[in-house]
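Structure record follows, encoded as structure tokens.
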Amino acid sequence: MIGSLLVANRGEIACRVFRTCRELGITSVAVHSDADAGALHVREADAAVRLPGNAAADTYLRGDLVVRAALAAGADAVHPGYGFLSESAAFAQAVLDAGLVWIGPPPSVIEAMASKTRAKRIMAEAGVPVLVAGEPPLIVKAAAGGGGRGMRVVRDLALLDAEVASARAEAMAAFGDDEVFVEPYVEGGRHVEVQILADAHGAVRALGTRDCSLQRRHQKVIEEAPAPGLAEDLRAELAEAAVAAARAVGYVGAGTVEFLVKDGRPFFLEMNTRLQVEHPVTEAVYGVDLVALQIRVAEGAALDSAVPVPVGHAVEARLYAEDPGAEWRPQVGVMRELSPASPPSDVLQRVGGWAENRAEGAGYVRVDAGVTAGDTITPYYDPLLAKVIAWAPTRPEAVRLLARALERARIHGPVTNRDLLVRSLRHEEFAGARMDTGFYERHLDALTAPRADGAATAALAAAVADAQGRSRFGGWRNLPSQPQEKRYRSEPDGEERTVRYRLTRHGLEAEGGVRLLEASRTHVVLEAHGLRARYDVAAYGDHVYVDTPWGAHAFTLLPRFPDPAAAPTEPGSLLAPMPGTVVRIAEGIAEGAEVSAGQPLLWLEAMKMEHRVVSPATGTLTALHAAPGRQVEVGSLLAVVTEEPTP
């Protein structure tokens, strides 16, 4: 029996595994880099071991250090989580060689599936349908790893070499392996996967389907179980193919077989020899704890002969610190508050409680978080903050519950994709289960358009709350005066708005006929056009967050008069949009080069992803301060483009 377990990971998945450890009475051990010394997963564990090295994510890729940490902590077993070393056959073997229990499939299975090219050959021999390379569009994929890293869609063969080079560089940074391959890119298809579970006694179970079609940069954003709208014969075909795939490699433990479904036909994509990020939707529908089952299988237990009966529907949304409207740019900074609208009940804090709540037919929201209030989001790791999962008896109910939970959550800190998630869940294509992997290519502009609804009233609430905090007399004046005036910039769209109002003994005087019913430093109750609503206001310096019944607004309080001493930015300046490392400069780019607006000039690596930085204008590159290997902060000057004069 396992008495102590080390999780070779960080963030949300480490916290998730620790929760099951507590349920099973297993001592939990965390590992951490210097950057993660105070991270939530370290605080959640019973014990923690520092991994020597720098603060970068590479620390978690040092399998030798992780094994040494497990032995030093007296752990019996190692759980890899997902990402990092979770699909490293060499690491799995090192764990076993050290006399520890490996919570995952045998190293031989990981090795067989580690290369997607080799995996496709094995699957074809097992009778699992696979794609065959042909004409464009094509997709370049990293042979190792996953999570969207090392993937590029190629629609013009002339760009193939450049995209292969870019994919190689990103794959090497993320997985330490630059092997890539090319296969057809099927447009308009759905990403459907099957959860498999196998024991060491020959039993293999398929626990239904998941749909993961809503993706950004080939990384999943919203997932659900079961995959909606599939014919029963297709569901059966997917389950049979997944079981055949598992048997073909002698699978043991929890894993996932991923398919692309187009026109009712499934094609094998890859097998993930680990626990998936989206595993909670399967747990919710089947009433199981997949982490507990992983541990029991690793201890030698046999699976139950009967597969649990699925009930209801579950949807998961990944909350990221990123700006979807700015090419999904990752964000950094302090998370001041991160809490759901309604905290999970005690029964949902217990892993076994999920099944209890489901049996009662009551919808619920579950939050698997990797950060909490006060934590700092750094540029070293994936920007996932939390996963929010909703279960309900039907799909429409689950979607509605999740959208509302996200809308009412208090999220104060770096820009997130929260609004995108809410809009996606309420989009007619998603609501009608007509989505595919091209969803964001078609709808991203509309889904990230600035929110005009309620922003002006929210800014007024922020101004009134600020006045309450500044005046010991409640903010009102005895004598007539000029209106109070405050300037705010909405985040992240940057729209500026000026709020003018008076607080008198007779109440609030403001544009639009808004009435003030109640006010304090932290909340304001306003009535507009006969509708009364509460606005919760939180200020952290000049950053102000207003949570309303219809969503949240973030503002930056601007000085009433611009600082004349502030140095203006030189026209044509290209500033670093995020902290990161310059990985390469575009071919032919040097001072004196003629460039066009939108032309890629260089690439920054942040959070193990490459981010393209383009020219801000058409003209001449008059200065280039970036160089490969240079680390930059937000706002660092990378280059200057002098625009061509207008004829």
Side-chain angles (χ1 to χ4, degrees), residues 221-222 224 280 284 313-322 324 335-349 357 362-373 384-392 395-427 430-431 447-448 450-462 465 490-492 517-518 520 522-528 531-540 543-555:
V221 177
I222 295 177
E224 59 183 305
H313 201 93
V315 190
E316 172 183 289
R318 303 189 191 186
L319 183 67
Y320 288 105
E322 66 183 10
M335 181 57 64
R336 305 291 187 179
E337 184 170 356
L338 178 62
S339 60
S342 299
S345 65
D346 291 340
V347 71
L348 299 184
Q349 295 291 351
N357 213 69
Y364 67 84
V365 174
R366 164 182 163 186
V367 179
D368 286 9
V371 300
T372 190
L384 178 67
L385 301 174
K387 302 178 317 196
V388 185
I389 307 101
W391 178 92
R395 182 178 189 267
E397 290 174 300
V399 171
R400 180 177 64 192
L401 182 60
L402 179 57
R404 187 59 174 160
L406 286 164
E407 188 174 52
R408 293 307 313 275
R410 293 173 64 88
I411 305 171
H412 304 164
V415 172
T416 73
N417 66 336
R418 185 253 298 273
D419 284 353
L420 174 85
L421 295 174
V422 174
R423 292 181 178 186
S424 299
L425 291 165
R426 290 174 174 166
H427 193 278
F430 185 84
L447 292 170
T448 57
R451 291 183 57 212
D453 57 312
T457 308
L460 175 61
S490 295
E491 305 296 351
L517 303 181
E518 186 180 330
S520 73
T522 59
H523 78 274
V524 175
V525 178
L526 299 174
E527 183 183 276
L531 185 63
R532 171 179 175 155
R534 175 181 171 123
Y535 297 77
D536 292 310
V537 182
Y540 311 91
H543 299 286
V544 186
Y545 302 88
V546 182
D547 294 293
T548 83
W550 306 283
H553 298 268
F555 302 103

How close do [X] and [Y] get, heavy atom to heavy atom, and via which atoms?
X	Y	result
Ala462	Val546	CB-CG2, 3.9 Å
Leu401	Gly363	CD2-C, 3.9 Å
Ala405	Val365	CB-CG2, 3.9 Å
Ala390	Ala398	CB-O, 3.6 Å
Trp550	Ala533	CH2-CB, 3.3 Å
Phe555	Ala455	CZ-O, 3.7 Å

How about His523 and Ser520: does a side-chain donor come under 3.5 Å of a side-chain acceptor?
->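 Note: His523 and Ser520 side chains meet the donor-acceptor criterion.
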Does the side chain of His313 pick up a donor-acceptor pair with the side chain of Glu397 at under 3.5 Å?
->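 Distance-only check fails for His313 and Glu397.
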Pairwise side-chain contact, [X] with [Y], heavy-atom cut-off 4.5 Å (strictly under):
X	Y	result
Asp368	Glu316	no
Leu319	Ile411	yes
Arg534	Pro549	no
Tyr535	His553	no
Ile222	Ser424	yes

Nearest-0.5 Å distance that lies between atom [atom1] in [X] and atom [atom2] in [Y]:
X	Y	atom1	atom2	answer
Arg404	Arg426	CZ	CZ	7.0 Å
Glu322	Leu384	CD	CG	9.5 Å
Met335	Leu385	CE	CG	4.5 Å
Leu425	Leu420	CG	CG	9.0 Å
Arg318	Asn417	CZ	CG	11.0 Å
Arg423	Glu407	CZ	CD	11.0 Å

Checking [X] side chain against [Y] main chain: does a donor-acceptor pair fall under 3.5 Å?
X	Y	answer
Tyr545	Gly413	yes
Arg336	Ala538	no
Arg532	Val525	no

